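For reference, the structure is listed below as structure tokens.
Excluded from the calculations below are hydrogen atoms, water molecules and symmetry mates; all remaining heavy atoms, backbone and side chain alike, are included. Predicted model, so just to flag it, every value in this text is computed and none were measured.
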Amino acid sequence: MAGPGSGAWRALLAGRTRKRKSAFGSRAELQEAALRLLDHHQNLNDFLLEVQDPVKPAGKDGAEHQEAPRESFSVSVLQEQASRLGVPTAILAANSVVTSIERICQASASPSTVPLLNLDQRNGLSSLLQSIKDLLANNVFSRSFFCREMWKMKVREMLLSGGIELNMFLFVLSNPCAPAAVEWLCSGLCGLCEQAVESSGDMELAGHILSDFAIMFLQNGFQQNLELGMKLEFKKVPNCHSSFHFHFSHCGFVSLFWGTGVLDAVGKEKQEDVSMLQARKFWLNVFSVSLYNSAVHRDSLQQFFRHTLIEVLTYNPLLKVSDAIHMQKEWSFTRTCSLLTTLYRKLFVAFSATESICQLQQVLETHEVNWQHVLSCVSTLAVCHAEAKQLFKDLLSHLLIKAFRNYDVENMITAFLIARQAALEGPAVFMPYSEWFKASFGNTGGHHTSSKKALVFLFEFLSELVPFEPALYLKVHIMYPPFVPTKHRSVLLDYVALAKTRLDDLKVAIEDMGLYEDLSSTDESVQGQALHDVEKALQIFENTRKIPTSVMEASIFRRRYYTSQFLPALLRPRVLPEAPDIRMAFIDSLKRFDKIPSKLYSTYMQACGAMKEKMLQDGSQAGTSHSKEPVEQLKADLDELRVLIGEQAKHEDVLAQIAVVSDRLARVSCHSGDVSEAAALCSPIQIDISAPRLEVCHQSVVDLLLTSFCQNLIVASYFNPPDRQGPCLSLFVKMMCGHRNLLPSLLGRLCQLIYHQGASLNNAHILGLAAFVVHLSESRALIPEVQANLGISQPVPAKLLSLAEFWNCLLECRTEESLFFFCLRFCTAAVSYFMCKFSSCSHEDLCALLPPSLVKKLQYIMPRLSLEARGIQCKEAKTDLLWNSLSHPSLNYRRASLCLWKQPRFQELLKEEAFQLSFREWLLLELEVYSEKDILSASERQDFHYWAIYQQYLPAPSASGGCDGDLEKACSIMINTILDSSQRLDPGICSRSKTSVNPGIFCKLQEMVLELGCRQRLLSQCTRHFLLEILQERLKDRKSGSALGDQLWRQQELLLHRRILVELPASTLIMTCREQKKPVLDCEDFFSFVNSELKNVCSRGYALSYDITSHFFRGLLNASLGCNKFAEAINDVLTACQTKCPILLLSAALWWPKLEPVLCSQWKRLFGVPLAEELERLRELKSSATSFLSSGVVFPLSEPPWISAAFLHCAIQQQSPRGQEREALKSSSFLPLLSDAQEGVDFQTSLEWSLEILQCLEERDASWPLLFHSAEKDTRQYCVLRSAASDHHIKLLPLAFYSLTPGFHHKLLIREQTFLYVALDFYIQLLQLFVEGKDLPQPDQGDLLEVISTARQFLLCAIPQCPARSFGNIQLLAACEEFDPELRATLVHNLRRAAAMELDEELVLF
């Protein structure tokens, strides 16, 4: 007998042998005596515990020799004892084992019963188990008796000890009383889990016990085949497996696995003790797939998990569909009990998303379900599986098809509940319910449109839901009703009436719906919607400076909502700013229109004042005391997310934590106060690029999110490159995009970091922001367009930008810092991250995901900084660009960028049209560069321009953004781009002078224009003036907007045109062509451009600026070099100017003191002969005017005489000899021109001067009213003078005419037959000027209404005095009827009187 005390016993016997002489004669007698002694004193219980595993010798024979005596001795002892007691040996052995187990379990020193045994107990129980194996091998152990005795004892501790092997479980659970045994076992398992979470030292041991138990359970209860690759010892026990499978699979499954209380705890998580919840979470470890590894076949594991999922979804199905409709908002992922979501996530690991949804669909079709469990399962699937979005769409479509095919209400309700539940998780996870409802029923392709029966089925179903529907879904159904044919409109109206009745019952009237309500939101708060309405109304008011129409209509037709919700949201007390902001301006506008009750306004102002006083007293800012607790909780959730990513947790765990962050983010947003929880998806995001503003309550939240993303990226990149990091970062950004009220602050913060602080960011910041921009672009479908405000006054609303265009605005390339130190690094990091992150995507997918602006910026920067990039060496890179190199501290971005540039896949992207940097785009970027702050020197920049224009873009095909080798096309692109760049309202260049354009670009433009001019001179026939044609086409192609905006744009555009013309060679203004094989100068196109456009931007109204005047005359001299008779060619052009473009000669008269030395010097250089006749005549006129004013010499007259008058007038303005004015005026009868040319002095002085001229002309009986005849009505010489005046001055002629009424002599009415017609025509024009409100005079030029009144009184008095011949033209009667019926009556009366007088005169003749 071998046992723990056998050695001591032999030693005792040996000692006694040495002390006295043995009384036995032989060894056999000694053994017999010893056996008698043991037989009288032996204890079978201790005997079984002393049995140990045999010591195996090295040799095989030794093992056999040692095992045989021990086994025969144990059996013989039991047999002798059994024969003495008269009981079967197997019964005695089983009873002895039970007694030994009882003693072991009672030997614990702990007063309380615990599931786990101590070390001594486990060792004793292990020895006992070995003895049981020996007895079983000799068939002397009764299993049935053992099970009955054990069940009577209810010793559960032995089942959960670490030393017992799993065969023991088979014995216990083979008992026919299996349900009771299962209950007993569950109680032990609960105790095990509770002890594990209470003592960290026992957790590992308890985990091993649970894993062994679970593996044994699956191997027997869900075994699919017996060839599992491992030999199970309990297979030696006959008939135990079938009994186990029967009891566990069909009787005890639910009791065993849910006896731990996991499902009962769902919905009671807040009331449960923390330790109990932790114990139940510990129990859920049996559903970890990694626990089973190769011990269980995958089919068995899936069967087990599938069975578990069915049991969960069908557990305790007490809730009705009506309960689900009303309560499902509380069953979203973040609000569901963590036990249940954890269980779902563990179960879904064993299946793909498709298999999980198929299993869910099968359960819904074949079982009665627990709707809380089903809908929480839907939420968990939608959150934890990125591909579940499309699968749910397919499932919903399948359910609707089945529902309308069989008119099955169950499939309909299932579809609606699933659609609503998935939508609760936000737009980043699934489309809003309103969008799904519109897509399913809002068009002619809906299933309900197939027949009237289908239509009635839908509305009957919706009507049945009405008593249980929340208000939000009723609003969706009313605002986005199903498509209904006109003939069945009554069905829809009946439903709408029913839904409105339900809303009334809920005390949510349709009138209380927001002005700009977003029905995709799950927020049902009326107050939150009112806050959003206020925000939207403020945006519209800021852009238009008018009260939105929706607000005005609400104040009249939706009075209850306006007074009870909108106004309180608008008039929330705050500390008013010193300078009125947009909110104060909006409130004042409403107050002026009596849209705010005086009492309410007074209360608001008092509350604001009280808040300011409190702020001063407390020394803290009022209105920003938001609770920090939600933000701290959000930070904790984000930290937990980072830990999960750092631990490389399972994908579903990270997704679940992202959902928790989303829920926390929604709660933090609720604390914002000033911003509604839901921002309309269709409304653009307002971003002030020059000075982005962030909501105070959102700034810390946005910074937390950006910081978290960057930290998560760094942690994830520490373990894996981007292509092996999974979609967690993408889903994190998509989750952020789902919180639409944060998007303005998020994009505003990105604007601050990228546009304003980019040069100061370090490499880690740039890497994080670049990756964030990539993922934000990936989720661009969730982001509205951006309305970028450039921070300066704009005549038209800001342009709506896509997200890619917004990035292009933020990534500027103007200075060395912005060009190299940020933009290059940012774009390199973004594109490198993108190409690594999506390396497995196809080329088409890459093109669809990557923002083109990032690639185009690299195309611009790389050739600018690298000579190697200009060579476009597309050789295969030696090594691929590694992502971890971008985060290396000693990173050289030039080298990294060049490595990226050489990547074959990147070069493939450059071949796509969407990513090709066109010539125009290159010019726009180059024109933004500050030459004085450029990273290139002047010579380097010149070389770069030459390469880009002549080697890259000029010969390139138009399909790749080039010019097809067409020089004229290149010039056109350059001119249009220069003008577009100058028109751009950019905050970075608004302080720069609009007259400064990159000199290198203009130099290349001048070269190309000269080359084109040389080519044109070689042609034998005249061609179009391509330069002026380009400029005129721009004016024609302008899309009409607001009148003021168009006027300002056109004025600025013409100023830019003038600048372009002045910068180009002077000879380009004049074309040289051949007539009768002789070169002649052609100025027709330039004359037309001046008369139609340029004259309208001259400040004086009758003369062009000096720069363009001088440019024309110098160009005339240069162009005449190509003519055989240069002087004659010049004379012909200047003679043509007298009738075709008189403003050029008037300009020459004004600027002649500055122009004469320039022209004379140029003439001397070019020709060296006396001046051309016409130029000499202009010089003589100037000299004569000066001599006349200084010495009174006779002033010669020119032909036409208005040129002499122009020189004299300009000389008078320049010398201002006031004493000689009247004499100068009397000396010529051709000075009516001067009444149109009173610029440069104040209005009153000009008026006095004009009256003096008028008096002089009256004394000489000059017919001055002819000057005011329009060119269409008068073909005499004065129409030429009118063509020289700007359109603005021509429109103001009626004002000038009636400002001279004090100087009108009564002789005019008799002497001038056309005077009455001119006076009436100008009076009507004056009225039209007032009605249209355009081109009004300046305030210092007199009151227009006063002038109109004076004109009317003058006409009413003058008409009766006019002779009969003055009434010959009565075409203006209709206009008089429209504007002044009284004046028309007076005119008609005098017409009849004049006709009667003429009739009397005719009768006298006869």
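- Residues passing the side chain to side chain contact (heavy atoms under 4.5 Å, CB included) test with Asp1132, sequence neighbours excluded: Glu1128.
- Phe1126 meets the ring pair (Phe, Tyr, Trp, His ring centres under 6.0 Å) test with Trp1163, Phe1167; sequence neighbours excluded.
- Glu1063 has its side chain out of reach of Leu1005: every pair of non-hydrogen atoms, C-beta onward, lies at least 4.5 Å apart.
- The shortest distance between side-chain heavy atoms of Leu1116 and Leu1069 does not fall below 4.5 Å.
- Ion pairing of Arg1177 with Glu1180 is absent here, as no side-chain N (NZ or NE/NH1/NH2) approaches a carboxylate O to less than 4.0 Å.
- Here Arg814 does not pair with Asp934 in a salt bridge; the nearest charged N to carboxylate O distance is not below 4.0 Å.
- Residues Ile1143 and Ala1284 come closest through the heavy atom pair CD1-O, 3.4 Å.
- When all heavy atoms of Asn1118 and Ala1066 are compared, the pair lying nearest together is ND2-CB, 4.3 Å.
- At a threshold of 4.5 Å between non-hydrogen side-chain atoms, the residues Val1133 and Phe1112 count as touching.
- Legend: residues meeting side-chain hydrogen bond (donor to acceptor under 3.5 Å, both in side chains) with Asn1096, ordered by chain and number and at least two apart, are Asp1287.
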* Checking side chain to side chain contact (heavy atoms under 4.5 Å, CB included) for the pair Phe1297/Val1318: CA distance, chi angles, key distance, verdict? -> CA-CA 10 Å; Phe1297 179 84; Val1318 172; 4.1 Å; yes

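- Of all non-hydrogen atoms in Cys963 and Lys969, the two that sit nearest each other are O-CD, 3.7 Å.
- Phe1089 is linked by a ring pair (Phe, Tyr, Trp, His ring centres under 6.0 Å) to nothing, counting only residues two or more places apart in sequence or in another chain.
- Between the side chains of Arg1165 and Ser1161, at least one donor-acceptor pair of N or O atoms lies under 3.5 Å.
- Counting only residues at least two apart or on different chains, no salt bridge (Lys or Arg N to Asp or Glu O under 4.0 Å) pair has a member in residues 1181-1195.
- When only modelled atom types and interatomic distance are considered, Glu1007 and Tyr946 share no side-chain donor-acceptor pair under 3.5 Å.
- In this structure a side-chain-to-backbone donor-acceptor pair under 3.5 Å is missing from Gln1052 to Gln983.
- Across every non-hydrogen atom of Ser1105 and Arg1058, the tightest pair is OG-NH1, 3.2 Å.
- For the pair Ser972 (side chain) and Glu968 (backbone), a donor-acceptor distance under 3.5 Å is absent.
- Enclosure of atom NZ in Lys1140 is not indicated, since only 12 or fewer non-hydrogen atoms of other residues, nucleotides or ligands lie within 6.0 angstrom.
- Glu1084 and His1025 share no donor-acceptor pair across their side chains, judged by distance under 3.5 Å alone.
- Around atom CD of Gln942, no more than 12 heavy atoms belonging to other residues, nucleotides or ligands sit under 6.0 Å away.
- With hydrogens and angles left out, the side-chain atoms of Glu1033 and Asn976 include no donor and acceptor closer than 3.5 Å.
- Contact annotation: the side chain of Ile978 never approaches that of Leu923 to less than 4.5 Å [non-hydrogen atoms, C-beta and beyond].
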Could you list the donor-acceptor pairs under 3.5 angstrom formed between side-chain atoms of residues 1150-1159 and any protein atom two or more places apart in sequence or on another chain?
| unit_1 | atom_1 | unit_2 | atom_2 | d |
| --- | --- | --- | --- | --- |
| Trp1151 | NE1 | Leu1104 | O | 2.8 |
| Trp1152 | NE1 | Glu1156 | OE1 | 3.2 |

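- Annotation: Glu1029, atom CD; neighbour count of heavy atoms from other residues, nucleotides and ligands within 6.0 Å is above 12.
- Taking the six-membered ring for Trp and the full ring otherwise, Phe1322 and Tyr1298 have centroids separated by 6.0 Å or more.
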